[in-house]
Amino acid sequence: MSNPDQLMSSGQVREIFGGLSRAALYRWENDDRLEFPKAIVIGNRKFFRKNEIVEFQQKRAGIKTVRCSSTDGDGGDA
């Protein structure tokens with residue numbers, strides 16, 4: 001199981017979005033209409049929560065996140 005608060009550097013985020021430029025990432029961060037995840041600043045570096053970046057990607061791609069609950073393993077349909 002991965003840590004839900006795992007951090008990604010701004011460089012890793014830019015790479016995920018196909019080599020996005022620093023300027024483009026800055027515009028995304030400052031465009032309230034996009035609802036891009038807010039960065040966490042540590043020292044002079046920006047980091048993003050991985051789970052928030054994944055959710056943003058899915059939202060932009062039109063993919064709905066499905067949360068599965070634990071089952072007793074019977075498959076549900078009888």
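In this structure a side-chain-to-backbone donor-acceptor pair under 3.5 Å is missing from Asp31 to Arg27. In this structure, Gln12 contributes its side chain and Ser9 its backbone to a donor-acceptor pair below 3.5 Å.
One finds the CD atom of Glu55 at 7.0 Å from the CD atom of Gln58 (value rounded to the nearest 0.5 Å).
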Could you walk me through whether Lys50 and Leu7 pass the side-chain contact (heavy atoms from CB on, under 4.5 Å) test, one step at a time? CA-CA 6 Å; Lys50 184 175 182 176; Leu7 298 178; over 6 Å; no
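In this structure, Val13 shares a hydrophobic cluster with Met8, Ile16, Phe17, Leu20, Leu25, Trp28, Leu34, Phe36, Phe48, Ile53, Phe56, the cluster being traced through Ile, Leu, Val, Met, Phe, Trp and Tyr side chains under 4.5 angstrom apart.
Residues Arg22 and Arg14 are in side-chain contact: their nearest non-hydrogen atoms beyond the backbone lie under 4.5 Å apart.
Residue pairs meeting the salt bridge (charged side-chain N to carboxylate O under 4.0 Å, His left out) criterion with at least one member in residues 35-44, sequence neighbours excluded: Glu35-Lys59.
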Considering only distance and modelled atom types, tabulate donor-acceptor pairs under 3.5 Å from the side chains of residues 39-46, sequence neighbours left out.
| from | atom 1 | to | atom 2 | distance (Å) |
| --- | --- | --- | --- | --- |
| Lys46 | NZ | Glu29 | OE1 | 3.2 |
| Lys46 | NZ | Glu29 | OE2 | 3.3 |

